[in-house]
Structures are given as structure tokens and as C-alpha cells.
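Residue numbers start from 1 in every chain, and the chains themselves are labelled A, B, ... in the order their sequence lines are given, proteins ahead of strands. These numbers come from a predicted model, not from an experiment.
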Amino acid sequence: MTFFEVAAMSEAEADIPPFRYTAAMAGEIETRWQNYWDEHGTFHAPNPSGPLSDPDHPRAGAPKLYVMDMFPYPSGQGLHVGHPLGYIGTDSYTRYARMVGYNVLHPMGFDAFGLPAEQYAVQTGTHPRKTTEENVERYRAQLRRLGMAYDNRRTLATTDVEYYRWTQWIFLQIFNSWYDPEHKRARPISALVLEYEKGDRVTPDNRAWEDLTDVERREIIDAHRLAYVSEAPVNWCPGLGTVLANEEVTPDGRSERGNYPVFKRSLKQWMMRITAYGDRLLEDLDGLDWPDKVKAMQRNWIGRSTGAHIGFPTAAGPIHVFTTRPDTIFGATYAVLAPEHALVDELVPEQWPAGVNPLWTGGHATPAEAVAAYRAEAAARTDAERTSESKEKTGVFIGVYATNPVNDARIPVFIADYVLAGYGTGAIMAVPGQDERDWEFAEVFELPIIRTVQPPEGFDGKAYSGDGPAINSAFLDGLNVDDAKAEIISWLEEHNYGYGATTYRLRDWLFSRQRYWGEPFPIVYDESGLPVAIPEDMLPVELPEVDDFSPRLFDPDDADTEPETPLSRKSDWVNVTLDLGDGPKQYRRETNTMPQWAGSCWYELRYLDPRDESSMVDIDNERYWMGPQTEGDPGGVDLYVGGVEHAVLHLLYARFWHKVLYDLGYISSSEPFRKLFNQGYIQAYAYRDGRGLIVPAEEVEERDGGFFHNGVPVFQEYGKMGKGLKNVVTPDEMCEVYGADTFRVYEMSMGPLDVSRPWATRAVVGSQRFLQRLWRLVVDEQTGESRVVDEETDAETRRLLHRVIAGVRGDMEDLHFNTAIAKLIELTNRATQVAPSREVIEPLVLMTSPFAPHLAEELWRKLGHEGSIAYVDFPTPDESQLVAESVTYPVQVNGKVRARVEVPADASEEDVRAAALEAVASSLGGKEPRKVIVVAGRMVSVVV
RNA sequence: GCCCGGGUGGUGGAAAGGCAGACACGGCCGCCUUAAAAGCGGCUGCCGAGAGGCGUGCGGGUUCGAGUCCCGCCCCGGGCACCA
């Protein structure tokens, strides 16, 4: 028998009073109130205008509060108790906010495109839409059972045709825009066309615009679009049959999903020009109320570095390097290209130059052989080997010398795998004196080392990368690093050797996937092979029915394969006749679909105005809920709660789309999420037997400090809740055995919302006892009648009541739900010891309602009120009750507490001092105190 | 290696520089009960019979007073990592 069966049985068989707050009683109350809320639309939030406006709503025109959770992907497993932690947190917080007067918007939706439904479809033939919709319904039912106060009119799933219609519409806005670096914002592509037409902008080859063919013009324009097709190296994953974004590839070169090998291949794919927004995505982080950790991760991912591009002349043309330390150029004693660098083949000479150091040639007869051998060696090395810390620097001389433009020094050119093809220009000037990696390389290959920054006195390291005066650097000597940088950059620009530059680690976002279950692109191709946008009035482009949902899959290790999309096999859909303005013509549809991130890039906007059929969102509604509140405020959702795992991917993409829509004037906020909060995770113990097999966690007993399964010792481990570890506990089981309110209170009282913690079913009973005591304060368990009396409570209880009110309010504002609940328990425990006075019980019920809403509604009724508790004013503390009548001062002698004295709250400092000294007289042993410190209201400290 | 978090009873966790361990789980004792469960009440950081002493990862420091602030370490978790 499982824990839950035992618990359910003992309850059923127990001889309990007829009106006790049991799980069965809770279940009945909870269902009844969930129905009431639905029928009355209790949690509908009024918009200022449009179909969702409601001037008669109790919060119409009130200050607004927009709180959102990261919506879930509805998996086939349903929710476990870890999932709703954040949801219960935001639900409790928003229920509180509603009671203190806010017009609260708190919606919920589903991120429903994605791989699992598609993979299930491939295996079983079930349409992913069917699986997805069933899973969404299951999630909805589970969340409803927990009493979530969502505005259900605003719910959405990214797979709804009416939703992805607008996802496609946004794609078209991005496609039809370009980034104007002069105005530092996106502008309509038509403005760019106009510039070319007027001759304000020159074409790449300087020909006049009117002399270009239509196709040539389109190619020029397409090259500026924020969404564009490019033939570029992408991450091709044969095992998944699709390409992946950089963010979806792990550092060891495998797919984040499925852990298949990923290969760099040049393929034609859709890209989003997120790099154009690099500066703004970086700088605007400063104005966001986000965890520093997440900001740091985004900064790191964007990876902006400023420096210079510098040309180092060679016989075959200049080598362009990027450096963040142009000030050290006098110390550049060699140059390095990435092994794959395109210039290498052009540079390599027939013969080694005379007198070459044999160490540099790798023992090869000619430079060409040395290069080929090194390339083969580098390609065979895994990434892990390549970057392993202990690895000695490798490389090979390619037989040519470049010229250092500042002093005409002849410097050898190497290829080495410590220079990456994908960053900067794929080439560096090596300055061993100031760069640790270059120093190591220089030691291996016996290259000269010249310091150009004076290290501080006593510096005994090798490369010195800190600040200091320049040395050995001609006209830079004596300048500090920053000044030397500025000086050398203007010198380089003046002499045409280089220019100041900024590079980013951030790459453009690979936006197409070779999958079925995603948004189709609103794009067709004409006879020129160039993309043509589907007009907005022809949206949505619906996902067609197909027989085979899978892309073509390959041997995961076979890099030499080509993607084939599921939609491409549907030729009657791919080849289409459309009238796009110049009469019916034949077109070929785009057969890629959008990545799963697309739908979650803008859902915060659609919640605002889900029924708007003429626009994505009405800007008046957007301005009310998300607009900037003060000068310099970026606007956005007031509180966005979710896991830290989305720190880079989702949050960076969503910010990017939001900024494009802002630039184009569709919305008033420049950031989607003003405040971000990362909730912790609930994990659980799992158990393995002697053979290493997982046993069901709920069947394990703990005794004598050990764990046993059917009497056999097992070993405890800790991890994510999941089928694999056989340690899943579901909210449905919790509702069954304890009721939703108990479950909610338990999750909120376990600890602070942002801390991860282990699940402990057996501890849930503490929350149930709390709610049962609260219930008993109001309801006679034998008769079901109210026990509450109208007499005032005693003075001490009254002071506690107001202290609790003040404390709970503060805790709620700070999302400190665990301490708020502790205070409510304290008040409840006090209230059970005195007469059940309405003066105490009503505010107690109100304060408990954000956490245990069904129970609170029920008790509010029993206290004689009508309607819902949802919009009743939250209790306000009586300030006069917050000052105690008397204060107990601990008295310290030399830092140790030796006595306590109770004095009237208004006692003077002298009186407190006198009382304290008298109380510790014996501890002083007749010695005269050297110093007596009285901290008003706190304590007395005596020093002898 | 670098950048963030975090180390408090048997457990989850509380503590504007001011009584360390609120609240809860578990444990022990008691009431109720033929009995058990539920419920209710009491005790529960460690050492000590007690008086008392010791206690917030370790070592220093500032302070009348440090879990909290400063310096140097150790351990755990997360992120990044040859990014020029």
C-alpha cells in the first residue's frame, strides 16, 4: 500500500467529527468555489478599452499590476508538485495585490509547439495537435484544481491558429524592417528603398539604382532585412534532422536536446539580425530589475569587446586582426591565424624562408605540407581536447612574414588552434608580454617577448595584463593603457592601418527549423528564388496536414547529409498559385518552420488584448498595462516569474522582438519584463537498491538512520522529480489527500520562493493542522455552527494582531510568503487560546485568503458576509497598537545576556539604565561599570 | 582559471549590527481512548546532574555588541571558459 492509500484509508475509517476540515471537506469546498469564481468571472481584469473593458468592475481605473509566469510546455506527464511552485507564488501575490487595491492582470497560457508532441506523432501517427490539445486540457484542469485566479478569457496556446497568425504577422514586420545604425533603431524597409531611389545611399558596386535589374535591387534590399536568408555555416544536427541555434548547442558541440553531435555546415537558412541590437540589449539591462546573475549571463552571451581592427601587410595583402589591446602593438612579435582562415592558402609560399627555426616547421619539407598536416591534426582533435587546460600550445609557421605597421618589424605568421575562426576576424596580433596565451605560445616556439606595459614593482608573473605606463612603445611611452589605446587608434586611423571597432560574441539568430510542429513562415519564393512576403491580409498561413511528421533523420555521426523538411514532401502545398498584386503567379512555399522560441517571444503582449482581430495588441491597452511609469522607465511586465534556465535563450529573444516592435511604433514599452524573479526548484529524494536499480520513493521507509525498501536497505540520492527516478508526486495526489489549500500553504511555507529545496510529503500535515485550527476557530466541528463571538479581544491579542498585520503586509510585498505564513500560524495559535473574537478572526481569514483562497471564501461566508473575499480590503494595522505597553530589555554584561528587565514602554533612558544596573548588580560583583549603552526599545549593554 | 550564489539544530528554514534557532516537520513525555489514529498540551541546539559553559564552515579583525560588516582561507551549487 502506498503512502497515499494509507492516508486516504485512515481518513475514511477514522471516527472524526462531522464538521472537521478534512481532505473530503476541503475538496467539496474547493470545487464549489472554483465553480463560483468561473460563473461570476471573479478574476476578470478590465482593460481600459476594447472588448475586455468593464467600467463597472471594482478595479476599473485602479492602479494596475501585471504579473506573469513563464508559461509551461504541456508535457504528456502532467504537472508534478515542483511545477506549480512559482504559479502558486504569483497567485498568492496577485490575490494580495487585488485586496490592497490593484487592478491585477494575471493570465496563463501554454507554449505548445515543440519536439515531444512531434516525436510522439512520428512514433504513433497521432497528430501533434491532438496530443498537444489533450495535454493542454490536462494542465488547465490541474491548475484549476489548485484554485488559480487567472483571467481565463485571456488564455492562449502558441499553437492556436489565431495566435500564430500574429506570430507570423510579427515575422513579417521584422522581415519588412532594417536596422538604421544612424537612428539606432529598426525602420520600415520602404524607407531604405526610398533612400536608394533618391540616390541618398550608394549601391555596393556604385551603380545607379535605376540601372539595376529588379532582382539586383531585391538582393540589395534583402541583405538589409532584420529577417534574412543566408548561406552561412550553421549547426547541423543529423541525428535530429534539423539545424540549431548557437544557444541550443552545448559547449562540447552537441545538441542541448537529445545530446547528438552537431556539425558546422554551410546551409541556406533564415536568420534574425539580433546582432544589430547587441548594444541596446546590453545597455538596457541596466534599467531592468532583474537578478544580477541573469544580467551577467546576458552580458556574457552578448560579449561586447571594444578595440581596433588593424591591418598587418604581407606580400599577399594585409592580415586583418582584431584586438582589444591596440596599445600593445609595439610588443606584437608574431601573428596567428585560425587554421581554417581563408587567407592561409593565399599566403603559403612554395619554400621555407632561409634560416627558419626548425621548431616552427613541424619537421615538414614545405609550408604547404606543414599547414595541411596541422589542419588535419586540429580537425581530428575534439573540442574537449582542444580546450583542455593542461594542453600545451600547438601551431605551425606558414612560411611568410607580415609587417608590424607601427615599426616595420618583420613578424612571422603562424596558424594555431588557440585562435578561433568564429570570433573577431579569426586572426590576432600576438603580444606575449601582455597576454598569457601568447606568452605560452612564445615559450613553446622561442619567439621574442617584449613588454610594453611596465608591470608594478614586485610583479613576478609572466604576461602582465593590468594597467601601467607604456614602455618600449615610441610615442606611446608613459601613457596609461586607456590613453595609449585612444592615442594609437587615432594614429592608426590617420595612417590608414586600422580603426577603432567593437565586436560581439553574439551571433545572428538562426531562425528556421526542419520540423513539422511549428509556425510556417509567411514566405513564398518566386522564379528568381528570392523570398516574397505573404501579404498581411492573407494570414494565417496554416500548417497543412501531412502523412509523415518527421524530418529525414540521419546517422547522428554522418556530417555529410542534407536537411529535408516534412513540409517539403507535400508538393501540392509547396507549389501554389497566388495573386500577390501582379496577377496570379506560381510560387514555391518556404518549407521550414519557426523555432519553438518564436511563440514565447511576444505572448506577454497578446494576453493584453487576446480578442483583438485587427491588431496584435491595441496600443492603448498595452500602454496601460506595460507602458513606462516614470521618466526613463522601460516599461514591461511588473513581475515575471520563472526558472533561471531561460536566462539567455527565451529572455534575449523576447527582448529583441519587443524592441523591434517598439521601434516600429506598435508598442510603448521598450522592454518586455521590467522585473524578473527566478523561483527555485523543488527536487526530491530517490532511492537505489544494492543492484543500482531505482525503487519507488513512496515505498521506502526510514528507520534507525537508514532507508529500506521491503526490508532491504537502499541508498538515498537527490535529483529532479521524474519518472526515471520514480519519485514523482503530483498536485492531484496532494489535493486528494490534503486538499488544494493545504498543498498551496505547504508549498508557500517551505522556504523563500527563490531557493531550491527537497520535497517532503510527510511535512505537509503541518499546513493541514494550521488550516484545521483556523477552521475550528470559526466552525464548531460537532454542529457546523459558527463559534465566533462579537466581544472584543484582550489587549495582548490585539497587539499581536496588529503586529501580524503589519508584518504580513511587508512580507507579501517582498514575496516572503514563508514568513508571512509563520506569522499567520502564530496568530492562529494565540487565537485558539482566547475567546474566538470576530475582531481577530475576520482579519486572520482575510490575511490567509491569498494562500488558502477556498477555505477563506468559505469561512468569510460563515462569518456572515456575502459574495467573494477577492476584493475585500486587506487588513490595515492600527499604528497605536504597534507600540507595546511595556518592553523587556535584555541586559548584557561584556556581551553576555545576564538578566532581563521589564519597564514601561515610555520609560526614560535613565530609568531603563537604573533598572538594568540593578538587575545585573550581582553579576557586576561590586565593580563599577565603565560604560552603559541603552539602545532604546532593544537592549542594554554594560561594560565593566 | 574567471564571475555569481550559498554554508545556521536530526530536517525545511527565521533573525533593520542588538535575546541565534521564529514557524513547521521529526523525536520524547502527557491528556483523551478498551486500543489505535486523529486532536489537544508540554519538552526538544550541543555538553553538563546542576550552576554554568560552548555554539551560525575555518582563522583573524572592526565594534559595548557580529550569523549579519572587513581581510585571508575551506567546502558546496550555478554560469562562463584559449572570445584576442
Side-chain angles (χ1 to χ4, degrees), chain A residues 6 9-11 13-17 20 22 251 291-297 299-301 303-305 307 321-326 328 336 386-389 391 393 416-420 422-431 434-438 440-441 503-505 644-645 647-648 702 705 745-746 749-752 754-770 772-773 776 781 810 816 818-826 828-829 832-833 888-897 899-900 929-935 937-944:
Chain A
V6 172
M9 249 176 86
S10 63
E11 182 166 284
E13 288 177 0
D15 180 22
I16 49 172
R20 171 156 295 174
T22 59
D292 287 338
K293 179 184 174 158
V294 176
K295 288 190 186 183
M297 285 165 74
R299 286 195 187 101
N300 204 318
W301 187 262
R304 179 166 77 180
S305 44
V321 308
F322 174 72
T323 177
T324 57
R325 293 295 303 276
T328 64
V336 186
R386 227 170 63 82
T387 59
S388 81
E389 283 174 40
K391 194 196 139 248
K393 290 277 179 290
D417 63 1
Y418 84 94
V419 172
L420 309 175
Y423 186 75
T425 59
I428 62 159
M429 63 177 205
V431 187
Q434 274 77 229
D435 186 289
E436 212 176 298
R437 297 155 297 176
D438 295 345
E440 287 172 20
F441 190 88
T503 59
Y504 301 86
R505 205 181 82 107
V644 71
E645 70 272 18
V648 175
E702 179 177 4
V745 169
Y746 175 63
S749 64
M750 287 168 82
D754 53 352
V755 172
S756 294
R757 72 214 70 173
W759 177 258
T761 296
R762 68 177 185 183
V764 178
V765 68
S767 299
Q768 187 180 36
R769 288 177 189 151
F770 160 50
Q772 283 178 337
R773 283 199 292 276
R776 258 197 309 272
E781 288 191 329
H816 292 167
N818 55 329
T819 52
I821 290 172
K823 292 178 175 79
L824 294 173
I825 292 173
E826 243 179 296
T828 302
N829 291 349
T832 57
Q833 287 155 21
T888 304
Y889 282 85
V891 186
Q892 288 184 351
V893 178
N894 288 345
K896 301 268 181 215
V897 178
R900 291 165 217 286
R930 275 200 295 140
K931 198 170 177 185
V932 180
I933 296 151
V934 178
V935 185
R938 285 286 177 185
M939 61 157 7
V940 182
S941 186
V942 181
V943 190
V944 293

So which protein N/O to nucleotides 16-18 of chain B N/O distances come out below 3.5 Å?
from, atom 1, to, atom 2, distance (Å)
rA16(B), N6, Arg938(A), NE, 3.4

Polar atom pairs between nucleotides 25-30 of chain B and protein, under 3.5 Å, N or O only, would you list them?
from, atom 1, to, atom 2, distance (Å)
rC25(B), OP1, Arg769(A), NH1, 2.6

Between [N] atom [atom2] and [X] atom [atom1], what is the distance in whole Å?
X: Arg299(A); N: rC4(B); atom1: CZ; atom2: P; answer: 12 Å
X: Arg773(A); N: rG41(B); atom1: CZ; atom2: P; answer: 7 Å
X: Asn818(A); N: rG12(B); atom1: CG; atom2: P; answer: 14 Å
X: Met297(A); N: rA81(B); atom1: CE; atom2: P; answer: 11 Å
X: Phe770(A); N: rC23(B); atom1: CZ; atom2: C1'; answer: 10 Å
X: Asp754(A); N: rG5(B); atom1: CG; atom2: P; answer: 13 Å

Quick one: side-chain contact (heavy atoms from CB on, under 4.5 Å) partners of [X], sequence neighbours excluded?
X: Arg299(A); answer: Leu282(A), Leu285(A), Asp286(A), Lys295(A)
X: Ser305(A); answer: Phe322(A), Thr324(A), Tyr423(A), Thr503(A)
X: Asp754(A); answer: Phe677(A), Pro752(A)
X: Ser767(A); answer: Thr742(A), Val745(A), Tyr746(A), Ser749(A)

- Item | Residues in ring pair (Phe, Tyr, Trp, His ring centres under 6.0 Å) contact with Trp301(A), at least two apart in sequence or another chain |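 In terms of ring pair (Phe, Tyr, Trp, His ring centres under 6.0 Å), with neighbours along the sequence ignored, Trp301(A) is linked to no residue.
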- With sequence neighbours left out, what residues match Phe770(A) under ring pair (Phe, Tyr, Trp, His ring centres under 6.0 Å)?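 Partners of Phe770(A) under the ring pair (Phe, Tyr, Trp, His ring centres under 6.0 Å) test: none.
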If you only use heavy atoms from C-beta on, which nucleotide in [options] is closest to the side chain of [X]?
X: Gln772(A); options: rG79(B), rG39(B), rA84(B); value: rG39(B)
X: Gln833(A); options: rC64(B), rC82(B), rG41(B); value: rG41(B)
X: Lys293(A); options: rA84(B), rA14(B), rG78(B); value: rG78(B)
X: Thr819(A); options: rA14(B), rG79(B), rA84(B); value: rA14(B)
X: Tyr423(A); options: rC64(B), rG39(B), rA84(B); value: rA84(B)

- Under the side chain to side chain donor-acceptor pair (under 3.5 Å) test, residues paired with Thr819(A) that sit two or more places apart: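 With neighbours one apart ignored, the set is Asp811(A).
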- Query: Tell me, what's RNA chain B's dot-bracket, Watson-Crick or G-U with both distances under 3.5 Å, | for other-strand, [ ] crossing?
  - Reply: (((((((..(((.....[....)))((((((.......))))))(((....)))..(((((..]....))))))))))))....
- Determine the contact category for Arg505(A): base if any of its heavy atoms lies under 4.0 Å from a base atom, sugar-phosphate if only primed atoms, P, OP1 or OP2 are that close, otherwise nothing.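 The residue Arg505(A) makes base contact.
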- Name all residues meeting the salt bridge (charged side-chain N to carboxylate O under 4.0 Å, His left out) criterion together with Glu781(A); count only those two or more places apart in sequence or in a different chain, and write none if there are none.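 With neighbours one apart ignored, the set is Arg20(A), Arg776(A).
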- Asp435(A): what forms a salt bridge (charged side-chain N to carboxylate O under 4.0 Å, His left out) with it, not counting sequence neighbours?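 Counting only residues at least two positions away or on another chain, Asp435(A) forms a salt bridge (charged side-chain N to carboxylate O under 4.0 Å, His left out) with Arg437(A).
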- Message: As a test of the definition: with a 90° window around 0 for syn, would you call rG9(B) syn or anti?
- Response: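 For rG9(B), whose glycosidic angle is within 90° of 0, the conformation is syn.
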